[in-house]
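This report refers to the structure that appears directly beneath it.
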Protein chains: 4
Amino acid sequence: MARPRFLKLPPHQQQAILQAALEEFAAHGFHDASLNRVIEAAGISKGSMYYYFDGKEDLYAYVAQTEFAGLFEQVGPPPDFDAGDAETFWSALEDYYRQLLQALAASPQLAAMLRGWSAAAKNPAFQEVQGELEQASVPWIEQALAAGQRVGAIRDDLPASLLITVALGMGEAMDLWLMSQPVDPESLPAHVHGLIDMMRGAFAPRRPVH
Amino acid sequence: MARPRFLKLPPHQQQAILQAALEEFAAHGFHDASLNRVIEAAGISKGSMYYYFDGKEDLYAYVAQTEFAGLFEQVGPPPDFDAGDAETFWSALEDYYRQLLQALAASPQLAAMLRGWSAAAKNPAFQEVQGELEQASVPWIEQALAAGQRVGAIRDDLPASLLITVALGMGEAMDLWLMSQPVDPESLPAHVHGLIDMMRGAFAPRRPVH
Amino acid sequence: MARPRFLKLPPHQQQAILQAALEEFAAHGFHDASLNRVIEAAGISKGSMYYYFDGKEDLYAYVAQTEFAGLFEQVGPPPDFDAGDAETFWSALEDYYRQLLQALAASPQLAAMLRGWSAAAKNPAFQEVQGELEQASVPWIEQALAAGQRVGAIRDDLPASLLITVALGMGEAMDLWLMSQPVDPESLPAHVHGLIDMMRGAFAPRRPVH
Amino acid sequence: MARPRFLKLPPHQQQAILQAALEEFAAHGFHDASLNRVIEAAGISKGSMYYYFDGKEDLYAYVAQTEFAGLFEQVGPPPDFDAGDAETFWSALEDYYRQLLQALAASPQLAAMLRGWSAAAKNPAFQEVQGELEQASVPWIEQALAAGQRVGAIRDDLPASLLITVALGMGEAMDLWLMSQPVDPESLPAHVHGLIDMMRGAFAPRRPVH
DNA sequence: TATGAATGAGCTTTCATTCAT
DNA sequence: TATGAATGAAAGCTCATTCAT
């Protein structure tokens, strides 16, 4: 995950490398990305790249993690899902999710990387990386889930890990669907509302059927 | 999609090639799969491979399609979702889905290929292949969706394409979750029930909130 | 040079093969021409091609020779260069040469093959072929040269083979130059006149310089 | 045109690669030349070849250009064709041309490459290379032509481009003819004299026919 | 007489990585 | 701390030709 040496570089040079790598990975995915092209675009030497990073995977992991962190930094911390009832929980979630999507829409390269993530993640050498990355996103989801259960907004009759996985899958599907549509920023809130409504239906506690 | 020559081969040789390719694609995905390895494992010459198939993509498409067809052949046609009310719709869907999952569990390599499908599908050269393949699966989903709406089991206030995409995402997530758990065939029905219950919550028509 | 078997084929099939080969060789030259494409275009089997011809070179040689012969057949036999004086010799030559060029302009594929000839001829395996081909064109040139010398139109102080080679080179250069110009059929006679005039200057007997 | 890296190599290694490539291209022409053979003969790795040159065409261009430059360097700059009358023009041209041919006779491999040049030049990817190369030879020909016209040695009733093309064709033909003869260095001047005499006849201004 | 299945050598090119300096 | 030269394995793919039938 980026040798300490890299962090000692002057920021503008870190940025140059990061940006070059982000563009390359976003454009070609992990496999087809070429370190040679990154090196050339970044204007550093081949030896330096291997001096700063352990290899292609290491670079990929660092870029993904850094950009991902930047995304959350940009959106800000999640709200306090505990404060309120089920209704306020869902509307807070919708708000936050919408903000995330909007931020992501503003970083098309990160979005492209994330979309290629599932492909890259199959590489066994990535599981370590994957673990680190998920620690950046899953925790708040877990906390939101726990909070949702506390306020009675989320069912607790299924394993939490299943709920999380399915929620991520629904989110990814929504992302995919949005990508395949003619983009209309104004209608985003409506779509997000639709998705959250589906999630609510899926994850809300079952009511007894009369 | 496999030159006719290939189909004239003695079945055991077709099988050898198919099996070698399936294993390679399942293990490495399309990109990282090596035709050379397939050729070696199948015990044929390089020229023969290109005599039978038009290239890597062609081989992949043929393997995916063949295995996919085999899966549905094994499970049989979907039931008539129109016959009944919402309740019978959902239970019929659950039954059928459970059968699919059970069959898939018996073909881990096909499962692996399917999991890599979304990654491969990004390749523009695949859209033709993708189209053919989806025609094998999407139609029954669409029909099921339409039937579900007719019998009042599925909401119609959201675009059908969104519902389908999200449903597939949920299914994929479930698949993923099952892969990550210690496999316990006996508990599969319960998990499927849970998933269908979530789908039902997500896709059932909204009831007025009192 | 085409096995006798080939000549027993029904003419339309001979034509199909000949035409397919001509197009391929004209379009790609000898080296880059693909027998596979010829076979496919001709609608015959691979085995048949090798049953009729000895290989790629053999096919090329046959096509070139046949088309070349056809060209001369179309234009007709050269005039009797012996009948007249130097002046009539040169005008007869100009007439005949113009007819050849016009016929060649009507067979762009043969023209393309001829243009690629010098490239193909470097292949040592071609020298036999080359010899055969030249026997179709050189003889009348030799006869014309001899006649020209008899009537006092052509110098005899240089080796005949050199005169012939240079004459061919000048003709090829003219062909090349015509190819590189915007084509204007009406101005062809003028260009031919210019070329023959140059040839006349080059090959006419030296007059004593006063 | 040869990456700078190549020029940093110790001269003997540059020579080894250059020589291997020259021999291969001379023997087989561009198309049939095999980079693998060059690599093997040069005793370098495949990766190194692509580290030094951009590909087959790049190598060819570099070899051709380098050898061509060497030829002119060896012969020296063309004389001042403007100084004198028609008679001195033609004798100066003959002198210079003889020197060129003598130098070329000492580099049979370069001669072979040049002979294959017209074949290689058909490749569209070569037009850039071709342009660079022609700038080394065509200019002095053009200047000589213009000078010849100024001093009244060359006709001006035909397009200059046609004159140049035909002159090159005659030169190439002479080259070809010399190659096909038993080589006799002592008779070269006589042959050159014959050729120049033909050129003079072809390109000298027409005298009025009485 | 005719077929077409089968082949393996060959092609150009890309790439991540190493290592001496 | 930084460089960039050097590499070899691997990739996908084409081809003319052979040969059993």
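Chain A is the first sequence line, chain B the second, and so forth, proteins listed ahead of strands; every chain is numbered from 1. None of the values given here were measured: they were computed from a predicted structure. Side chains included, hydrogens not; waters and symmetry mates left out as well; all remaining heavy atoms used.
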Note to self: Considering every strand and a 4.0 Å limit on heavy-atom distances, what is the contact class for B:Tyr52: base, sugar-phosphate, or nothing?
What the structure shows: sugar-phosphate

Check: Is A:Ser34 touching bases, backbone alone, or none of the nucleic acid, heavy atoms closer than 4.0 Å?
Finding: sugar-phosphate

Notebook entry, point to check: What integer distance in Å separates B:Asp58:CG from F:dG12:P?
Noted result: 14 Å

Next item on the list: Indicate the ring-plane relationship of A:Tyr60 and A:Phe30, choosing parallel, tilted or perpendicular according to the 30° and 60° boundaries.
Entry: perpendicular

Next item on the list: Among D:Gln109, D:Arg37, D:Met113, D:His28, find the one that has a side-chain contact (heavy atoms from CB on, under 4.5 Å) with D:Glu23.
Entry: D:Gln109

Notebook entry, point to check: Can you tell me if B:Ser45 uses its side chain to pair, donor with acceptor, with the backbone of B:Ser48 under 3.5 Å?
Noted result: yes

Next item on the list: Examine F:dT1: is either OP1 or OP2 under 4.0 Å from a nitrogen or oxygen in the side chain of A:Tyr51? Give yes or no.
Entry: yes

Check: CD of A:Glu40 to CG of A:Leu35: how many Å apart, nearest 0.5 Å?
Finding: 12.5 Å

Item checked: Under-4.0 Å side-chain N/O to phosphate OP1/OP2 contact, D:Tyr50 with E:dT13 -> yes

Margin query: On DNA chain E, compare the nucleotides closest to D:Gly55 and B:Gln13; which residue's is nearer the 5' end?
Written below: B:Gln13

Next item on the list: Measure from NE2 on C:His31 to P on E:dC11 and round the result to the nearest Å.
Entry: 10 Å

Next item on the list: Specify the separation, in whole Å, of atom CE of D:Met49 and atom C1' of F:dA5.
Entry: 15 Å

Margin query: Measure CG/B:Asp32 against C1'/E:dA16 and give the value in whole Å, please.
Written below: 13 Å

Next item on the list: Using Watson-Crick or G-U wobble geometry with both distances below 3.5 Å, tell me the partner of E:dT21, or none.
Entry: F:dA2

Item checked: Pair partner, F:dC15 [Watson-Crick or wobble, under 3.5 Å] -> E:dG8

Check: Hey, is the main chain of C:Ser34 close enough, under 3.5 Å, to the side chain of C:Glu24 for a donor-acceptor pair?
Finding: yes

Notebook entry, point to check: F:dG4 C1' sits how many Å from A:Leu35 CG, rounded?
Noted result: 15 Å

Next item on the list: Please work out which residues in residues 36-46 of chain D have a non-hydrogen atom less than 4.0 Å from an atom of DNA chain E and list them by number.
Entry: D:Asn36, D:Lys46

Next item on the list: Please find out if less than 6.0 Å separates the ring center of B:Tyr51 from that of B:Phe6.
Entry: no

Next item on the list: Specify the separation, in whole Å, of atom CZ of C:Phe30 and atom P of F:dC15.
Entry: 13 Å

Next item on the list: Would you mind telling me which of E:dT12, E:dA6, E:dA5 lies closest to the side-chain atoms of B:Arg5?
Entry: E:dA5

Check: When you measure from the side chain of C:Gln14 to the backbone N and O of C:Leu9, does any donor-acceptor pair fall under 3.5 Å?
Finding: yes

Next item on the list: For C:Gly47 and for D:Gly47, locate the closest nucleotide of DNA chain E by heavy-atom distance; then report the residue assigned to the nucleotide nearer the 5' terminus.
Entry: C:Gly47

Margin query: If I take atom CD in residue A:Glu57 and atom P in nucleotide E:dC15, what distance separates them, rounded to the nearest angstrom?
Written below: 17 Å

Next item on the list: Please check the phosphate of E:dT7 (OP1 and OP2 only) for any side-chain N or O of B:Ser48 closer than 4.0 Å.
Entry: yes

Margin query: Please enumerate all residues that pass side chain to side chain donor-acceptor pair (under 3.5 Å) together with D:Arg5, with sequence neighbours excluded.
Written below: none

Next item on the list: Rounded off to whole Å, could you give me the CZ-to-P distance for the B:Phe53 and E:dT7 pair?
Entry: 14 Å

